[in-house]
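See structure below.
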Amino acid sequence: MKTFAFLMAGFFFAATTLFGGGRAETPEAGLYSIGVFVPGVVEGSPTYEMLVAGVEQAVAESGRAVKKVVEGGFNQAMWQQGLTSMAAGGEYDLIVTSNPEMPDIVEAVLESFPSQRFLLMDAWLPGNPQVHTVMFNQREQAFLAGHFAGLVGRSDMVSPREVLRAGLLAGQEYPIMNEVILPAYRLGLRSVDPDGTVDFRVLGNWFDAGRAAELANSMYATGSHIILTIAGGGNQGVIASARDRNGYVLWYDSPGLSEAPGIVIGSTFVAQDRSTYERTLSAIRGELAFGEAEILGVADGYVGFVEDERLYERHVDAEVRRAMSRMLEQMRSGEFYLEMSLR
Ligand code: RBF
């Protein structure tokens with residue numbers, strides 16, 4: 001048996017040498033090659049910063065992978081072309097990307113390059129044998145944000161008000177935003193004040209901090225005590241407005257309290273960095289289950305609310321923190337669960 005294996009190895013060696021079927025003998029030969037396609041730009045977008053960090057960590061730990069990051073820019077009409085040229089080059093064992101619109105684009109690219117493999121974060125595409133997707137339970141995440149907005153609105157941290165009003169600024173409208181994040185944020189707010197309303201505004205892009213500040217000014221002026229901002233680089237405009245208007249800000253995807261201490265007073269998070277790291281490392285090791293679509297939530301430890309930070313203790317009333325802890329505990333234990341249903 002040993003002899004047979006040895007002979008076979010010898011044959012393949014000869015075959016690749018003679019017929020040139022093997023890869024070129026560059027110093028990188030044998031390394032697992034990863035392309036990261038960022039639909040937007042990395043800087044200022046929490047989910048994309050975590051995406052790149054996760055891949056970097058997996059590459060470093062594996063010791064046998066390389067990665068290249070390609071920024072697709074803000075013109076969404078160009079994304080399919082950008083991703084197609086990455087697949088066409090044939091140099092990537094895996095392409096990693098992230099956002100809920102990517103499945104459609106990836107399926108289109110796969111029609112031309114059916115052997116390309118993809119890891120899609122913050123996305124949902126079950127049953128495609130070339131693709132593994134990871135979606136976070138944004139219903140739970142946005143509910144936590146809304147619940148916190150409600151608790152703050154009923155605390156001594158703001159002037160008393162009859163009916164609560166909380167802002168939500170989105171970079172753009174998309175199904176997960178309109179059908180999951182917005183309603184769940186409202187549900188969370190109404191778990192504290194059944195009459196509470198959400199002032200939902202759309203920036204129209206993921207970068208215009210000046211316009212974001214104008215929208216935030218208007219939201220604070222019309223009674224919102226806090227704004228949940230999911231607007232990429234626009235988030236900085238909301239912080240600037242909050243500083244001027246004495247308002248509060250809620251951060252969404254990455255722990256954000258240090259973005260503006262005392263102004264960003266609450267932050268949900270998704271472990272996009274950790275989950276990207278784990279899945280990328282599995283892919284490098286040949287262990288990732290392609291064809292599978294995961295949904296990760298609070299009970300799994302991949303969605304949460306930042307509690308363990310000095311800034312949180314310093315700037316948020318103890319009563320609010322206690323109520324928030326109780327809610328989180330119920331969600332972690334599975335006693336309270338919000339389903340993330342998807343098309
Ligand atoms: N989030 C960002 O922080 N920056 C972006 O540039 C960005 N671009 C997006 C583009 C599209 C088409 C969609 C659907 C979402 C985008 N998001 C962006 C939102 C992000 O993927 C995620 O849904 C939110 O961060 C909420 O978790």
Side-chain angles (χ1 to χ4, degrees), residues 36-54 69-83 96-106 108 119-125 133-146 168-185 188 200 202-209 211-212 227-239 249-256 259 264 267-273 275-276 295-298 302-305 340 342-343:
V36 183
F37 181 78
V38 176
V41 302
V42 180
E43 167 99 41
S45 290
T47 46
Y48 299 156
E49 287 171 357
M50 290 191 284
L51 180 81
V52 173
V69 178
V70 175
E71 289 188 317
F74 290 116
N75 182 354
Q76 296 176 14
M78 299 299 290
W79 290 351
Q80 186 169 326
Q81 194 178 313
L83 207 53
V96 184
T97 184
S98 168
N99 91 33
E101 304 282 288
M102 295 316 287
D104 288 349
I105 297 175
V106 162
L119 168 60
L120 304 188
M121 304 302 297
D122 186 20
W124 168 255
L125 179 63
T133 63
V134 175
M135 173 57 88
F136 300 103
N137 188 329
Q138 305 233 10
R139 203 177 292 282
E140 292 184 329
Q141 187 187 2
F143 176 88
L144 284 169
L168 169 57
L169 179 70
Q172 74 184 79
E173 295 189 87
Y174 50 102
I176 297 274
M177 177 57 68
N178 294 48
E179 293 158 26
V180 177
I181 298 177
L182 170 60
Y185 182 59
F200 177 56
V202 180
L203 181 58
N205 61 61
W206 296 90
F207 54 83
D208 189 348
R211 175 77 186 133
I227 297 172
L228 169 62
T229 183
I230 308 177
N235 295 342
Q236 294 304 325
V238 178
I239 289 176
V249 176
L250 257 168
W251 209 251
Y252 198 63
D253 285 318
S254 60
E259 292 282 332
V264 178
S267 180
T268 61
F269 65 85
V270 291
Q272 159 108 326
D273 40 4
S275 49
T276 302
I295 298 180
L296 304 171
V298 174
Y302 285 85
V303 174
F305 188 86
M340 176 79 188
L342 292 155
R343 289 168 291 164

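Numbering of ligands and ligand atoms starts at 1, following listing order.
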So what's ligand 1 close to, N/O to N/O, under 3.5 Å?
residue	atom	partner	partner atom	Å
ligand 1	3 (O)	Ser45	OG	3.4
ligand 1	4 (N)	Ser45	OG	2.7
ligand 1	8 (N)	Tyr48	OH	3.3
ligand 1	8 (N)	Trp206	NE1	3.4
ligand 1	21 (O)	Asp122	OD2	2.9
ligand 1	23 (O)	Asp122	OD2	3.4
ligand 1	23 (O)	Tyr174	OH	2.8
ligand 1	25 (O)	Asp253	OD2	2.5
ligand 1	27 (O)	Gln138	OE1	3.4
ligand 1	27 (O)	Gln138	NE2	3.2
ligand 1	27 (O)	Asp253	OD1	3.0
ligand 1	27 (O)	Asp253	OD2	3.1

Show the atom names and distances, to 0.1 Å, of all donor-acceptor pairs under 3.5 Å that link a side chain in residues 230-239 to residues at least two apart or in another chain.
residue	atom	partner	partner atom	Å
Asn235	OD1	Thr229	OG1	2.6
Asn235	OD1	Ala231	N	2.9
Asn235	ND2	Gly232	O	3.2
Gln236	NE2	Glu259	OE1	3.1

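- For Tyr302, the side-chain contact (heavy atoms from CB on, under 4.5 Å) partners at least two apart in sequence or on another chain are Phe136, Ala271, Arg274, Ser275, Glu278, Arg279, Leu296, Asp300.
- Of the N and O atoms on the side chains of Thr268 and Gln141, at least one donor lies less than 3.5 Å from an acceptor on the other residue.
- Between the side chains of Ser254 and Glu49, not a single donor N or O lies within less than 3.5 Å of an accepting N or O.
- In terms of the side-chain contact (heavy atoms from CB on, under 4.5 Å) criterion, residue partners of Glu71 (sequence neighbours excluded) are, by chain and number, Val38, Val41, Val42.
- For Phe305 and Phe269, the gap between ring centers reaches or exceeds 6.0 Å.
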